[in-house]
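Here is the structure we will look at.
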Amino acid sequence: MYDLKYLRENLDHIRTSLGRRGNDVPWADIQTLSEERRAVTTQVEQLRYELNKGSEEIARLRRAKAPAEEVMMAMKQVGDRIKVAEGTLRKVEDALTDVALRIPNLPHGSVPVGADASDNIEVRRWGTIPTFSSPPKPHWEVGENLGILDFDRAAKIAGARFSVMTGAGARLERALINYMLDLHTTQQHGYREVVPPLLVNRQTMTGTGQLPKFEEDLFRLRDEEYFLIPTAEVPVTNLHREEILSGDCLPLRYTAYTPCFRREAGSYGKDTRGLIRLHQFNKVELVVFTTPDGSYEELERLTGHAESVLQGLNLPYRVITLCTGDMGFSAAKTYDLEVWLPSQQQYREISSCSNFESFQARRAGIKYRPIGGKKEAKTDFVHTLNGSGLAVGRTLVAILENFQQPDGSVEIPSVLRPYMGGLERIQKE
RNA sequence: GGAGAGGUGGCCGAGUGGCCGAAGGCAACGGUUUGCUAAACCGUCGUAGGGACAAAAUCUCUACCGAGGGUUCAAAUCCCUCCCUCUCCGCCA
């Protein structure tokens, strides 16, 4: 969210910079409400000043044993006027905050302008696309034939868009999680592991930008004000909500494995089979808090960390820069990592790495105090970043598809074998 | 779930209606002293939003003592609701 003062003073700049991203923002209302907020704030503060002075006067009179009734009557009036003015102020501020929370982040200057996914820019490719003597099978066929994926029973016990993994499939999922976490918590990557809550409150969801605009994408409990997290980004970024961090502890890097829960509203008919699009999936997430001047360097680093997972697994992928039209609400710049899926003959998203600049930090009140340099240690908002490192289910998909063998077995990438009890190949049991 | 005790600045802790944005201590920062360290002494030491100044320094106003309401001329202090923490009992992985 934008600072309300900044919003008032830079309305036109924000509006033009957002372009079509700001199409559904009620700009005229914001202008009116901003001006009104300023006027009423001034009025309230003046009245309070009058009241404070009057109260001091009463205290003085009473100490001097002088009658104070006259002043008290006058202050009663002032108090009533304050109540009215405060009521107005609150209404205006609530209305203004509500719309301000729905304005998306400004794209960074390096982000290509575009309307949709077709305008995204490919940055680089890595790996060799495998060749097959016969057409490669989709992962659900590979998995069901091996007896390690069971979508029929998942549908029975939960419904569509859920999965059941068994035997070597379950083991592979767990192996991937451990491999990723072990990699990111090494000295070179330097992330601190976190196990956060999977249910969070409304304030937390607002801090990272899921609320108020995207409530329909979230699962929500019926009786309690709890939401299931759609990504570990939410609880981990909110670790430091309403905190002022010491500048010398930045950058702060966290990694967390969590299940993620998404309604997938509006995606009917897309990726209906297999593990690609589920209501519940596992993900290892990377989250970074850093200073504003270092955040774009950190985005490259973070993206590299996500890539190194794919490289370790020897899965071919490409990196793309999302254009302005395809970026998420909170992001200032996003790289997507897309892994090659042989059955679809295309690259599919497996990670999304974003710099949110101060957008989330403003919503969540995450600041830092600069250290060193000049002595004036004015606090400033941190920049937050995050990226999948990686989506575990989709990684399993990529392994089943890319490493499937003519006999229906699947070769296990060598880095995962220690996590699989030395198993080199998944075969029908 | 039952009973009780609490939530005050980076931390500890005083403050039960008015010169209280809040004593005192610790930590931190700057300085004096010092062969070095330590100690001692002096000073600084919350966040945010307005206003004054061309701007900075600075000055000034407003808000903030878990959150939100209420009482009052006036609330950290009294009342209500909620949240959180702790102790005991019960239950439980």
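Labels below follow one simple rule: chain letters A, B, ... track the order of the sequence lines, proteins then strands, and each chain is numbered from 1. Values below: every heavy atom of this structure, side chains too, minus hydrogens, waters and symmetry copies.
The side-chain hydrogen bond (donor to acceptor under 3.5 Å, both in side chains) pairs that include a residue from residues 163-177 of chain A are Glu173(A)-Asn282(A), where partners are two or more places apart or lie in different chains.
Spacing between atom CG of Asp80(A) and atom P of C73(B) amounts to 9 Å, rounded to whole angstrom units. Atom CD in Gln43(A) sits about 16 Å away from atom C1' in C61(B), given to the nearest Å. Regarding Ile58(A), its CD1 atom lies at a distance of 11 Å from the P atom of A75(B), rounded to whole Å. One can place CG of Leu47(A) at 17 Å from P of C73(B), the figure rounded to the nearest angstrom. Rounding to whole angstrom units, CD of residue Gln203(A) and P of A67(B) are separated by 12 Å. We find that CZ of Arg60(A) is positioned 17 Å from P of A74(B), with the value rounded to whole Å. Between the CG atom of Leu51(A) and the C1' atom of A63(B) there is a distance of 14 Å, rounded to whole Å. With rounding to whole Å, Lys76(A) atom NZ is found 9 Å from U71(B) atom C1'.
Remark: G46(B) base-pairs with C64(B); criterion is Watson-Crick or G-U wobble with both hydrogen-bond distances under 3.5 Å. The partner of A27(B) cannot be assigned: no Watson-Crick or G-U wobble pair with both contacts below 3.5 Å exists in any strand. When both distances must be under 3.5 Å, the Watson-Crick or G-U wobble mate of A39(B) does not exist. Pair assignment for G90(B) gives none, since no Watson-Crick or G-U wobble pairing has each distance under 3.5 Å.
In terms of phosphate contacts, Arg369(A) brings a side-chain nitrogen or oxygen within less than 4.0 Å of OP1 or OP2 of U47(B). Side-chain nitrogen and oxygen atoms of Asn52(A) include none within less than 4.0 Å of the OP1 or OP2 phosphate oxygen of C61(B).
Comparing A74(B) with U87(B), their C1' atoms sit 38 Å apart, to the nearest whole Å. Here the separation of A48(B) from C29(B), taken at their C1' atoms, is 23 Å to the nearest Å. Here the separation of A14(B) from G25(B), taken at their P atoms, is 15 Å to the nearest Å. Across C42(B) and G24(B), the matching P atoms stand 13 Å from one another, rounded to whole Å. For G68(B) and C73(B), the P atoms lie 23 Å apart once the distance is rounded to whole Å. Rounded to whole Å, the separation between the C1' atoms of A55(B) and G18(B) comes to 40 Å. Comparing the P positions of C11(B) and A23(B) gives a spacing of 16 Å, expressed to the nearest Å. Nucleotides C89(B) and U71(B) are separated by 43 Å at their P atoms, to the nearest Å.
Backbone-only contact: Lys83(A) has heavy atoms under 4.0 Å from sugar-phosphate atoms and none from a base.
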Pairwise N/O distances under 3.5 Å, protein to nucleotides 48-53 of chain B:
from   : atom 1 : to        : atom 2 : distance (Å)
A48(B) : OP1    : Lys367(A) : NZ     : 2.6
A48(B) : OP1    : Thr379(A) : OG1    : 2.5
G49(B) : N2     : Glu45(A)  : OE1    : 3.3
G49(B) : N2     : Glu45(A)  : OE2    : 3.4

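Partners of Tyr419(A) by side chain to side chain donor-acceptor pair (under 3.5 Å), not counting sequence neighbours, listed by chain and number: Asp182(A). With sequence neighbours excluded, no residue satisfies side chain to side chain donor-acceptor pair (under 3.5 Å) with Thr42(A). Taking Tyr317(A) as the reference, Glu307(A), Gln311(A) meet the side chain to side chain donor-acceptor pair (under 3.5 Å) condition, with sequence neighbours excluded.
Taking 3.5 Å as the limit, the base of G18(B) and the side chain of Arg63(A) contain no donor-acceptor pair of atoms between them.
Judged by distance alone, with hydrogens and angles left aside, the side-chain atoms of His139(A) form no donor-acceptor pair with the main-chain N or O of Gly274(A) at under 3.5 Å. Remark: side-chain polar atoms of Thr321(A) are not paired, donor with acceptor, to backbone N or O of Tyr335(A) under 3.5 angstrom. Remark: the backbone N or O of Arg153(A) is paired with a side-chain donor or acceptor of Asp150(A) at under 3.5 angstrom.
Comparing Met72(A) and Arg62(A) against RNA chain B, the residue whose closest nucleotide sits nearer the 5' end is Arg62(A).
Between His279(A) and Phe162(A), the ring-plane angle classifies as tilted under the 30° and 60° cut-offs.
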Atom pairs and distances, side-chain donor-acceptor, residues 67-88 of chain A, under 3.5 Å, sequence neighbours left out:
from     : atom 1 : to       : atom 2 : distance (Å)
Glu86(A) : OE2    : Arg48(A) : NE     : 3.4
Glu86(A) : OE2    : Arg48(A) : NH2    : 2.1
Thr88(A) : OG1    : Val84(A) : O      : 3.1

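Taking the side chain of Ser55(A) as heavy atoms from C-beta on, and the options G18(B), U47(B), U72(B), the nearest nucleotide is G18(B).
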